[in-house]
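Just below is one structure, and these are the notes that go with it.
Note on naming: letters A, B, ... go to the chains in the order of the sequence lines (proteins, then strands), and numbering restarts at 1 for each one.
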Protein chains: 2
Amino acid sequence: MPILYRIKCVDYTLFMAVPSVPATAATLLEQAMFAFVDAYNQAWEAAASEHGLSTAHACVLGRVETRRSMGELAEELRCDASNITQIVARLEARELVHREPNPEDRRSRQIVRTPSGDELYGEFEQSFEFPRAAAASLTDAEREQLTALLQKAMGA
Amino acid sequence: MPILYRIKCVDYTLFMAVPSVPATAATLLEQAMFAFVDAYNQAWEAAASEHGLSTAHACVLGRVETRRSMGELAEELRCDASNITQIVARLEARELVHREPNPEDRRSRQIVRTPSGDELYGEFEQSFEFPRAAAASLTDAEREQLTALLQKAMGA
DNA sequence: AGGATATGCGTGATCCAATCAAGTAATTCG
DNA sequence: CGAATTACTTGATTGGATCACGCATATCCT
């Protein structure tokens, strides 16, 4: 199973301000969390745009590494199906994906990446170095710690 | 100084897929990082929309807790100045912010929140619980660890 | 001082993403 | 078979983002 990166509108670069408060352990952590999320979002967006992809296009292109229907895409990406129609149409116009009929349900379409879509997406992935670089800058023990702490922080 | 949350287009909810790889410590960490960033982005967006704010509006509203010029906003939010013009105009129409002349430079405008902008933004902040909740679910020692690990992972 | 240049902001055009309402075709259910 | 449901598309509309351009004000330079 692929890891699925969420990008809901990472086109923006706007910010939210949180009031200044004394630098307790909790608020220092909140600052660090924001800085991390921000860096991650920015890296993701930059990698997409380097390859002429909008964040939306990069998301869809990533999803269709394995064959998917429009409806699956819409559900996974939490957006309206007609939005997917539009995005897939643009990707198809660039010959990055292909819309195939589904023999088992003729209402449905199977979306797959074309070879050139594979290639472009591969390059895009290469240039999205942030998570790899982040992991690489830690020791093995630290990686395990960070993984556990992130999960605990999310309430997992 | 406030913490400034980046939101560049957190309107989207699309995803990027990363190829499946053996579950090494590094890739488990990459999954956890993504899950965390995703949860953070989603929470941020949900909090904004609960209060009738787009992510863009919430960002700007947050920034103008202290008086700011259009140009400062554009720079901080890494977007075109004319985008700020548009967003501030909408916030002003809702009487959440106010555009004041700058006596020291008559080309420039000072943007400030109105009382009702303060109120709305306060409520919004309350409902953006994610970072607080995340911090709260850890012990003091874990908070310090996580802060340090995030900083190290970012290469700080 | 006074003209060239730079700065701060606004306007209009255009594009993309997102949603909604409505429609078509195919499937499923009774 | 007919009604309801599902899968997707189309068209309209909104908002965010950028760009090209323009206006007013400031600054810089002899």
Charged N-O contact under 4.0 Å between B/Arg63 and B/Glu72: no

Sugar-phosphate, base or nothing in reach of A/Thr85, heavy atoms under 4.0 Å: base

Atom-pair distance (CD on B/Glu75; C1' on C/dT7), nearest Å: 13 Å

Sugar-phosphate, base or nothing in reach of B/Asp105, heavy atoms under 4.0 Å: sugar-phosphate

Length of the line joining B/Glu45:CD and D/dG16:C1', which is rounded to integer Å: 13 Å

A/Arg90 side chain, from C-beta outward: closest of D/dT18, D/dT9, C/dC16: C/dC16

Interatomic distance where CD belongs to B/Gln86 and C1' belongs to C/dC15 [whole Å]: 13 Å

Rounded distance (Å) that lies between atom C1' of C/dT7 and atom CZ of B/Arg107: 4 Å

Between C1' of C/dG8 and CG of B/Leu73, the distance in whole Å: 13 Å

Along DNA chain D (nearest heavy atom to each residue), the more 5'-positioned of A/Ser108 and B/Pro103: A/Ser108

A/His57 side chain near C/dA17 phosphate (N/O to OP1/OP2, under 4.0 Å): yes

B/Asn102 CG to C/dG10 P, straight-line distance once rounded to whole Å: 13 Å

Considering all heavy atoms, the nearest A/Gln110-A/Ser69 contact: OE1-CB, 4.3 Å

Spacing of A/Ile87 atom CD1 relative to D/dT10 atom P, expressed in whole Å: 15 Å

Phosphate OP1/OP2 of D/dT9 contacted by A/Arg99 side-chain N/O (<4.0 Å): yes

Short side-chain N/O contact to D/dA26 OP1/OP2 from B/Arg106, under 4.0 Å: yes

A/His51 to A/Ser127 - nearest heavy-atom pair and separation: NE2-OG, 3.0 Å

First of A/Ala81 and B/Ala81 reached from the 5' end of DNA chain C, by closest nucleotide: B/Ala81

Closest to the B/Ser82 side chain, choosing from D/dG16, C/dT11, D/dT9: C/dT11

Worked check of ring-ring contact (aromatic ring centres under 6.0 Å, His included) between A/Trp44 and B/Phe34: CA-CA 11 Å; A/Trp44 151 265; B/Phe34 163 66; 8.8 Å; no

Ion pair check, B/Glu65 and B/Arg113, cut-off under 4.0 Å: yes

B/Asp80 side-chain proximity, nearest of C/dC20, D/dC19, D/dG16: D/dC19

Distance in angstrom units between B/Asn83 CG and D/dG16 C1', rounded: 6 Å

